[in-house]
Amino acid sequence: MSTPRQITLLEWDARRAELCAAGLREPAYGGPLGRHAAAGDSRLLRLRLDDSPAALRLWNFLLTEDERLYQAQAAGKRIVGTMKDLGTVPVMAYALENVVAFYPDGAWWLPCLMGRNTQLLAIADRLGIDDSFCPVRAMLGAFAGEPHFPLPGLLTCSVGAVCDDFSAIAQRLAGMGFPILWWEVPHRRRPEPGEAAVPLPGGFVAPQSQVTFVQGELERVRQALAEFAGEPLDDVRLRAGIAQANRVRRLLGELRRLVFTAASCPLGALEMLIAEMLAIHFCSDRAETICVLEELLAEVRRRAQQGVSILPTVSGTLRVPPGHRHTECAGYICGGTRSVPDTFRPVRVYWVNPVADLRVMNLLEEAGGRLCGSEYLFCHALSPIPEDLPPLEALARTALADPMVGSAGDRAAYVVADARRFAAEAVVISRIPGASHCALEGQVIAQAVREELGLPVLEIEVPPITDALEPGLRTRLEALVEIVHH
Ligand code: SF4
């Protein structure tokens, strides 16, 4: 087995040609990765990607989602746009034969991938949703003038305990004439003393009455999906859909366990982020998601067994501020450099929140870090759904396990437990520009991590395009690594 490497998109095309000459067989959506950059996703050229055939399949799967959605529509499939809940309604939709569901919210990443080749944010600006909102406002541009997906025949959106950003943007969408089936998830509260309570996937607890309420809301969604698809969506189908979703979640659980605990680093942070994202709506193809994850997991198992790492050993000069007192600086960086002629292993970093610019996951590794745990706002889409409950009750519990429908304190407790589980040595909280929940939530999480784990925490803000900010972000990540090494 050759040593795995991270390579550029252009290097990938030459590598793919070699792999094809050696007999690589690709799925229908396969092909050279360079074509995606040529078609508009030009900022892919700034990324460094894993060089395995499994990663090639993962990237091609991700980057062909819009094409595959249009093909599904042309083939007569009914297209459902599910918004905001990140991981519950798609499980129901994919229990139907004739339905393909996707998150329009995924437009979040288009400005990052396309850079100046897109006007999505400018369109949102013109509609009154400016950069005081989080990058999910790109979705509005995709509905209003720059199509990146077929317009769904049915749109659902969770409301209630959701962020102000999404509420406002979805209301704007409704005001523009897009009918939306709203369903409510209440703010998850602690059960009162003596009140009936139930455990949720992932470890939170909720009052039984809240689960019953959400179950009723999902009953409305069930009826709407069945009517739209022209097929019954009974408990038998829902159970089968949950079982398939759990296959995806267990594959991801094993992938996370192996990657985050292996002595060497078998898979990079960027591919791990993409793989986790498949959980929320299966990148519009549930069966293929399972195949993609199985191939990725097989590659990771091989690498872990052989002790090979995707990351080069970091050695040589690390930037450290003069007079720097590491015990005092957690989260703060001074200026200056000194040379540290030493060899370091990558520092184990737990990452909180998805990055609006994917390039920053590379930057973590270039700075000497290694991803060992993550909470990207959808941990409830990774926890297996209970299979021993009535299916809508199981899905209601899953919806209430969303880290964003509870308190920041609950989310901080989850991060602490998960970072402890993966023996993280530092935590990065990457704030999302404009995101209403990011104003104070980071402080709550940082305080819990410092108090309970004694780890250094770095809070950074990552906009969709970080090119101009990269030197500063790099310095701060390098300093975090240096703090851990001391
Ligand atoms: S990133 Fe945060 S602010 Fe933006 S839509 Fe998601 S939860 Fe809301």
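Predicted model, so just to flag it, every value in this text is computed and none were measured. All ligand and atom numbering here is 1-based and tracks the order in the structure.
- Shown in contact with Lys84 at under 4.0 Å from a heavy atom are these atoms of ligand 1, numbered in order with element: 7 (S).
- Within the 4.0 Å heavy-atom cutoff, Trp108 counts among the residues contacting ligand 1.
- Residues Glu288 and Tyr29 have side chains that bring a donor and an acceptor to within less than 3.5 angstrom of each other.
- Residue pairs meeting the side chain to side chain donor-acceptor pair (under 3.5 Å) criterion with at least one partner in residues 431-440, sequence neighbours excluded, are Asp165-Ser436, Arg431-Glu459, His437-Glu441.
- Environment of CD in Glu387: crowded, with over 12 heavy atoms of neighbouring residues, nucleotides or ligands closer than 6.0 Å.
- For CZ of Arg189, the number of neighbouring non-hydrogen atoms (other residues, nucleotides, ligands) closer than 6.0 Å is greater than 12.
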Next item on the list: Any chance you could lay out the side chain to side chain donor-acceptor pair (under 3.5 Å) test for Thr261 and Arg256, step after step, and finish with the verdict?
Entry: CA-CA 8 Å; Thr261 61; Arg256 280 167 53 87; over 6 Å; no
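- The stretch residues 151-160 participates, sequence neighbours left out, in no side chain to side chain donor-acceptor pair (under 3.5 Å) pair at all.
- Near atom 2 (Fe) of ligand 1, less than 2.8 Å away, sit the protein N, O or S atoms His437 NE2.
- The stretch residues 196-225 participates, sequence neighbours left out, in these salt bridge (charged side-chain N to carboxylate O under 4.0 Å, His left out) pairs: Glu217-Arg220, Glu219-Arg222, Arg222-Asp235.
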